[in-house]
Structure formats: C-alpha cells, structure tokens
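Quantities reported herein were computed from a predicted structural model and do not represent experimental measurements.
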Amino acid sequence: EIKSPDGDSTRSIERALRKAKKQFGERLGFDHPVRVVLNTKYLKGVSLSQVMKRVVLEINRHGINEVIVIDREGEIVFITK
C-alpha cells in the first residue's frame with residue numbers, strides 16, 4: 001500500500017498506517033506480511049525525526065512488517081520490524 005498523509009501532526013501517520021494495514025489485509029489476506037510505502041512530502045510541520053519515531057511506534061503497535069519512508073527530498077528509508 002502507498003500512503004501520502006497530508007496532515008500537520010504525527011497522528012496522521014498513525015491513521016495512514018492503520019488504513020494501509022486494513023486495505024492490505026482485505027486485498028491479500030491478513031496472514032501476509034504488511035508492507036507500506038509512506039510518502040511524507042505533504043506532511044506539514046512534522047520533522048523527519050518525528051516521522052521516524054512515530055513509524056517505529058506504529059509498526060510495533062499495529063503489526064506492520066515493513067515501512068518504506070520517502071521524505072520531502074526524495075530520500076528513501078527502510079524500516080522493518
């Protein structure tokens with residue numbers, strides 16, 4: 001799943017990851033590893049360090065296996081469980 005949250009807080013990251021997990025599970029089954037691409041280009045007022053902390057928290061909280069974060073400059077960061 002690819003998500004581009006456009007809020008102004010880290011809470012929008014949580015919503016995007018939760019929605020991605022649900023959509024991923026509905027399409028492929030909930031027994032598959034969940035992978036999400038998170039485009040942070042449209043997040044306002046949230047630093048990359050805040051994004052990374054929130055992604056790590058949500059990976060553990062919601063059972064997501066891998067998140068690929070694309071920052072505003074196009075840098076790619078892989079975060080796995």
Compare all side-chain heavy atoms of Leu38 with those of Pro5 and state whether any distance is below 4.5 angstrom. yes

Give every donor-acceptor pair under 3.5 Å between a side-chain atom in residues 74-81 and any protein atom, sequence neighbours left out.
none

Hydrophobic cluster identity match, Val46 and Ile68, side-chain contacts under 4.5 Å: no

Grouping I, L, V, M, F, W and Y whenever their side-chain heavy atoms are under 4.5 Å apart, do Val37 and Val56 come out in a common cluster? no

Considering residues at least two apart in sequence or located in another chain, which fulfil the side-chain hydrogen bond (donor to acceptor under 3.5 Å, both in side chains) criterion with Lys3? Gln23

Keeping to residues at least two apart or across chains, list the salt bridge (charged side-chain N to carboxylate O under 4.0 Å, His left out) pairs with something in residues 38-59. Glu14-Arg54, Arg54-Glu58, Glu58-Arg61

Same cluster (ILVMFWY, side-chain, under 4.5 Å), Ile2 and Val36: no

Across all chains, not counting sequence neighbours, the side-chain hydrogen bond (donor to acceptor under 3.5 Å, both in side chains) partners of Arg15 are none

Enumerate the residue pairs fulfilling salt bridge (charged side-chain N to carboxylate O under 4.0 Å, His left out) with a member in residues 25-34, sequence neighbours excluded, ordered by first and then second residue. Glu1-Arg27

How about Thr40 and Ile70: do any of their side-chain heavy atoms sit closer than 4.5 Å? no

Sequence neighbours excluded, the answer for side-chain contact (heavy atoms from CB on, under 4.5 Å) partners of Asp6 is Tyr42

Suppose we screen for side-chain hydrogen bond (donor to acceptor under 3.5 Å, both in side chains). Which residues come up paired with Arg72, at least two apart in sequence or across chains? none

Is the shortest side-chain heavy-atom distance between Ile13 and Val55 below 4.5 Å? yes

Just one of Ile64, Asn65, Val34 clears the side-chain contact (heavy atoms from CB on, under 4.5 Å) bar with Phe24, so which one? Val34

Under 4.5 Å between side-chain heavy atoms, hopping through other hydrophobics if needed: is there a path connecting Val51 to Leu57? no

Do Leu17 and Val67 pass the side chain to side chain contact (heavy atoms under 4.5 Å, CB included) test, and can you show the C-alpha distance, the side-chain angles, and the key distance before you say yes or no? CA-CA 9 Å; Leu17 292 176; Val67 176; 4.2 Å; yes

My understanding is that only residues two or more places apart in sequence, or in another chain, count here; which of them pass side-chain hydrogen bond (donor to acceptor under 3.5 Å, both in side chains) with His32? none

Please report the shortest heavy-atom distance between Ser9 and Ser12, naming the atom on each side. O-OG, 2.7 Å

